[in-house]
Amino acid sequence: MDAAIDLTDRSKALDLSNIRAQLIRLEDTITFHLIERAQFPHNKTIYVPGGVPIPGSDLSLMDYLLQEQERIQSRVRRYESPDEHPFFPQALETPILEPLQYPQILWANDVNENETIKKRYIEEIIPAVCPTNRVDRGASQENYGSSASADVNLLQALSRRIHFGKFVAESKFQQETDKFVQLIKAGDRQGIDEAITNMKVEQLVLKRIETKAQTYGSDPVLEEYRNKIDSEAVVNMYKNIIIPITKVVEVEYLMQRLKGTQWE
Ligand SMILES: C=C(O[C@@H]1C=C(C(=O)O)C=C[C@H]1O)C(=O)O
């Protein structure tokens, strides 16, 4: 997919204020996808391999839909973009569109936190945002397809947001190269984590996402349409899952940053 931030312009892509603006924009995407998913109950069956019989596949319904979505979107070069990371890399196909000419912005790395993202999404995020009090009445009566479609949109948005940590890390590396070279050469992950942490920005993110969840989750006119999403659950998701995994991406990206450089 062609990214909203111009990744064909290296200086713009590594401007920290531009990157943070993109993270803010992704808050809207994630909040609206959460509201969509929270319409439906947990529907735990769609996350269980074999829970819904799929001809020719032993994947869960959600994994199957995610894999096939990535397959078709790879054909319009979604995964050529440096800010996109597949959950099923083995399913990607050759794009039918001509490749975009991306300059080298990020250093070569193999950081991909999607397995962690998906595991925590299924085990922690869905139970927190979806009503779990309804009995699952099975495929013939529950919105399995709509739930899985909303999951795919959400997981792709969460993956993009979290892996934007690579651009943040590269930007910070270029701003304080000597400091990060020393920490990376020492293998000091804790020190790198402290160096990339900006608590003021994190607090602003949490305050903003709480306001967005409350605002987007309520109809501006009809009183009865309020709290379509649990804003506390959304804040906890950012605080305990999204921001921490983003920082893991930053740290692990930086741990690979000296490969092939004069500092190695
Ligand atoms: C993304 C950044 O790096 C870190 C991660 C943040 C996040 O995931 O929201 C916010 C601030 C930093 O602790 C940043 O500095 O903007």
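Atoms within each ligand, like the ligands themselves, are counted from 1 in listed order. Since the structure is predicted, the reported quantities are computational estimates derived from the model, not experimental observations.
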What class does the angle between the rings of His163 and His85 fall in, given that below 30° is parallel, 30 to 60° is tilted and above 60° is perpendicular? parallel

With a 6.0 Å cut-off on ring centres, are Phe180 and Trp107 close enough? no

Pair Asn18, Phe167 - check side-chain contact (heavy atoms from CB on, under 4.5 Å), show working. CA-CA 10 Å; Asn18 285 346; Phe167 292 88; over 6 Å; no

Search all heavy atoms of Leu59 against all heavy atoms of Gln67 and return the closest pair with its distance. CD1-OE1, 3.6 Å

Tell me the residues surrounding ligand 1, counting only those with a heavy atom closer than 4.0 angstrom, sorted by chain and number. Arg20, Leu23, Arg161, Val168, Lys172, Ile196, Thr197, Asn198, Val201, Glu202, Val205, Ile243, Thr246, Lys247, Glu250

Between Ala195 and Lys179, what is the shortest heavy-atom contact and its length? CB-CE, 3.7 Å

Determine whether Ile72 and Leu66 fall in the same hydrophobic cluster, where Ile, Leu, Val, Met, Phe, Trp and Tyr are linked whenever their side-chain heavy atoms lie under 4.5 Å apart. no

